[in-house]
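Okay, structure first, notes after.
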Amino acid sequence: METVAGIWLLKTHNPLESMRSLLPFLFSAASLPVALWAAEPSALTIYNNNFAVVREHVALDLPAGASQVDFPGVTTSLEPDSVILRDPAGKIELRVLEQSYRAETASEGLLLALNEGKTIDFILKGQGGAEFTIPGKIVRSGWNPGGGRTTPIIEVDGKLRFSLPGEPVFSALGGDTILQPTLSWQLYTAQPAKVNAEVSYLTGGLSWAAAYNFVLPEKGDQMEVVGWVTLNNQSGKRFEDAAVKLLAGDVNKLAPAMAKSQRGGADGVMMLEAFSVAAVTEKAFDEFHLYTLPRPVTLRDQETKQVEFVRGSGIPVKTLYVYDGAQLMNYRGWQGEMLQTNADYGTQSDTHVAVVREFKNTKEAGLGMPLPAGRARFYRRDDADNRLEFTGENQIKHTPQGETVRLYTGDAFDLVGERKRTAFTYDKRSNSAEESFEIKVRNRKTEAATVTVVEHLSRGVNWKVTARSMAFTQTNARDIEFTVKLAPDEETVITYTVRYDYR
């Protein structure tokens with residue numbers, strides 16, 4: 001595609017020469033209307049940050065020379081400069097001389113504006129539901145294109161009213177009104193042609209999100225999963241039996257200059273017993289992942305719809321208990337003076353022990369499909385009545401195949417942590433600090449539990465643990481972990497001392 005003097009040219013090998021050949025048609029011949037006939041259903045690629053690529057086919061019967069084509073029924077959030085009109089077969093040269101996009105459809109406000117200065121009838125209802133009409137002159141309609149309204153002014157019997165006296169009655173639509181958002185083109189072809197053209201464009205108002213339901217038995221370490229995609233259409237257009245693809249990943253997209261607000265979609269009801277006869281297919285695409293729905297989907301405007309895209313069972317899952325007792329404040333420096341005045345940094349104790357679910361996204365584990373980001377809900381089946389009970393939820397990030405998923409789902413009721421600092425000293429001469437802690441972890445369960453105790457050595461990167469009551473693992477430059485195995489009703493005490501050097 002190339003552009004010359006603001007005119008889009010598709011499949012033009014010599015744009016300047018082509019422009020010279022078009023001049024007689026542009027200035028000496030009237031544009032001819034073009035017949036449109038039924039074409040193929042829409043195809044959508046929906047991205048997970050509220051936009052989509054729409055591809056539709058329009059069958060054109062083009063005369064030789066310049067012609068006018070109106071294509072109604074596009075979305076209300078179309079990005080006009082993203083539109084591409086082409087012959088997918090590559091046989092016909094479609095030259096778009098001019099394009100316009102109109103989204104302001106016929107409405108009461110628009111028709112009032114088109115009749116400003118004119119007298120029309122207004123219907124009023126009397127007692128018993130009887131209707132009668134009165135004439136009124138529209139002095140000011142109150143309608144503003146693309147925005148809010150001002151107060152209308154209507155003259156009735158020589159007096160001005162700052163409101164409509166009744167329901168307005170219009171004799172006909174204005175000649176410049178449209179019923180649906182419409183693309184209009186001035187096209188040129190050198191010879192008469194029939195072509196099943198493809199129209200593609202970017203639009204807002206279409207989004208999708210993934211959601212996962214994980215079901216565990218009352219006792220056990222294997223779970224089932226049903227994954228859904230929720231499609232949300234706020235685009236102002238109905239898509240009938242559309243072929244839908246979903247692209248997962250962080251695609252860089254500039255905000256439109258005149259972005260319209262879009263209402264967010266609501267979560268639908270997820271039912272574990274739902275069944276899909278065909279599976280969603282997935283493939284790597286560029287730096288992202290593309291999911292293709294197996295069946296055509298009808299998406300009505302203002303509709304939210306769920307489609308199953310993943311199902312698995314026998315997935316091994318671990319329940320981890322993590323005690324991270326330090327409540328860290330916003331600390332802005334490691335200088336000695338700051339250390340002295342902020343000597344309580346990181347010593348406040350949180351008693352909660354977190355519950356974390358861990359599983360691997362592998363084929364061997366019963367999954368193995370790249371998982372798009374989405375909400376994950378966990379349930380356990382109560383053996384007493386076989387009912388599902390909700391046990392927590394969190395967000396899954398985009399997770400490639402082969403990676404491990406860890407999700408916090410709540411706090412354990414019968415596991416308790418306690419953390420306190422037992423000593424702190426700062427030596428100004430050596431510019432070093434030393435700090436000691438005591439951590440207690442208690443298990444009030446009737447079965448054994450293993451708790452991971454996380455400690456953040458956050459006063460500096462040059463540290464050394466000089467004393468400890470048990471072994472630890474260093475997980476990064478400033479964090480260490482202790483693994484504590486607790487019998488029922490057992491308490492374990494961990495102590496350690498760390499020295500920071502600031503020289």
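Hydrogens, waters and symmetry mates are skipped; everything else that's a heavy atom, side chains included, is used.
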Quiz item: Under the side-chain hydrogen bond (donor to acceptor under 3.5 Å, both in side chains) criterion, do N50 and Y47 qualify, and how do the steps go?
Solution: CA-CA 6 Å; N50 199 36; Y47 295 70; over 6 Å; no
Quiz item: If only atom types and distance count, is the side chain of T304 paired as donor or acceptor with the main-chain N or O of L231 below 3.5 Å?
Solution: no
Quiz item: Which pair of heavy atoms, one from I396 and one from T399, lies closest together, and at what distance?
Solution: CG2-OG1, 3.6 Å
Quiz item: Rounded to the nearest 0.5 Å, how far apart are CZ of F214 and CG of L407?
Solution: 7.0 Å
Exercise. Mind running side-chain contact (heavy atoms from CB on, under 4.5 Å) on I84 and V199 for me, showing each step along the way?
Key: CA-CA 6 Å; I84 299 175; V199 183; over 6 Å; no
Quiz item: When you measure from the side chain of T76 to the backbone N and O of S235, does any donor-acceptor pair fall under 3.5 Å?
Solution: yes
Quiz item: side-chain contact (heavy atoms from CB on, under 4.5 Å) between L216 and D221: does it pass, once the steps are laid out?
Solution: CA-CA 7 Å; L216 291 81; D221 57 2; over 6 Å; no
Practice problem: Ignoring hydrogens and angles, state whether a donor on the side chain of T75 or T203 is under 3.5 Å from an acceptor on the partner side chain. | Solution: yes
Self-check item: Short N-O contact, R95 and E93, less than 4.0 angstrom
Solution: yes
Exercise. Check the surroundings of atom CG in D157: do more than 12 heavy atoms from other residues, nucleotides or ligands lie under 6.0 Å from it?
Key: no
Quiz item: So, N196 versus H57: side-chain donor-acceptor pair below 3.5 Å or not?
Solution: no
Self-check item: Residue from L94, V83, D70 passing side-chain contact (heavy atoms from CB on, under 4.5 Å) with W185
Solution: V83
Exercise. Please confirm whether the backbone N or O of I92 pairs with a side-chain atom of D87, one donor and one acceptor, at under 3.5 Å?
Key: yes
Self-check item: Value rounded to 0.5 Å, distance of CZ in F378 from OG1 in T391
Solution: 7.5 Å
Practice problem: Give a yes or no on whether the backbone of F132 and the side-chain of K125 come within a donor-acceptor separation of less than 3.5 Å. | Solution: no
Quiz prompt | Nearest heavy-atom neighbours spanning G314 and P316 | solution = O-CD, 3.3 Å
Quiz item: Between K237 and D301, is there a donor-acceptor pair closer than 3.5 Å when you use the side chain of the first and the backbone of the second?
Solution: no
Self-check item: Working for side-chain contact (heavy atoms from CB on, under 4.5 Å), residues Q186 and Q99
Solution: CA-CA 7 Å; Q186 287 282 337; Q99 173 183 286; over 6 Å; no
Quiz item: Can you tell me if T298 and D241 form a side-chain donor-acceptor pair at under 3.5 Å?
Solution: yes
Quiz item: Can R357 and E393 be counted as an ion pair, charged N to O under 4.0 angstrom?
Solution: no
Quiz item: Ignoring hydrogens and geometry, is there a side-chain-to-backbone donor-acceptor pair from N394 to T409 under 3.5 Å?
Solution: no
Quiz item: Can I154 and V139 be said to form a side-chain contact (heavy atoms from CB on, under 4.5 Å), step by step?
Solution: CA-CA 6 Å; I154 309 297; V139 178; over 6 Å; no
Self-check item: Gap between atom CZ of R375 and atom CG of N213 - 0.5 Å precision
Solution: 10.5 Å
Quiz item: When you measure from the side chain of D382 to the backbone N and O of L388, does any donor-acceptor pair fall under 3.5 Å?
Solution: no
Quiz item: Do S313 and E224 meet the criterion of a side-chain donor-acceptor pair at a distance under 3.5 Å?
Solution: no
Self-check item: Inter-residue atom distance I120.CD1 - F170.CZ, 0.5 Å rounding
Solution: 4.5 Å
Practice problem: Measure the spacing between CG of L206 and CZ of F51 and express it to the nearest 0.5 Å. | Solution: 11.0 Å
Quiz item: Quick one: do the S42 and R55 side chains pair a donor with an acceptor below 3.5 Å?
Solution: no
Quiz item: Measuring from F309:CZ to M369:CE, what's the distance to the nearest 0.5 Å?
Solution: 7.0 Å
Quiz item: Is the number of heavy atoms from other residues, nucleotides or ligands under 6.0 Å of K137 NZ greater than 12?
Solution: no
Practice problem: Determine, for K118 against E116, whether the closest basic-nitrogen to carboxylate-oxygen distance falls under 4.0 angstrom. | Solution: no
Self-check item: Any donor-acceptor N/O pair, N233 side chain to L299 backbone, under 3.5 Å
Solution: yes
Quiz item: Counting distance only, does the side-chain N/O of W208 pair as donor-acceptor with the main-chain N or O of I46 below 3.5 Å?
Solution: yes
Quiz prompt | Nearest heavy-atom neighbours spanning P372 and Y212 | solution = O-OH, 2.6 Å
Exercise. Taking all heavy atoms of V156 and all of P165, pick out the closest pair and write down the distance.
Key: CG2-CG, 4.1 Å
Practice problem: Provide the closest heavy-atom pair for Y188 versus A66 in the form atom of the first, atom of the second, distance. | Solution: CD1-N, 3.8 Å
Quiz item: Do the charged groups of R380 and E218 touch, with an N to O distance under 4.0 Å?
Solution: no
Practice problem: Step by step, work out the side-chain hydrogen bond (donor to acceptor under 3.5 Å, both in side chains) result for K245 and T292. | Solution: CA-CA 4 Å; K245 295 180 181 180; T292 301; 4.9 Å; no
Self-check item: Non-hydrogen atoms of T404 and E358 that approach each other most closely
Solution: CG2-CG, 3.6 Å
Exercise. Go through the side-chain N and O atoms of H352 and D324 and say whether any donor and acceptor fall under 3.5 Å apart.
Key: no
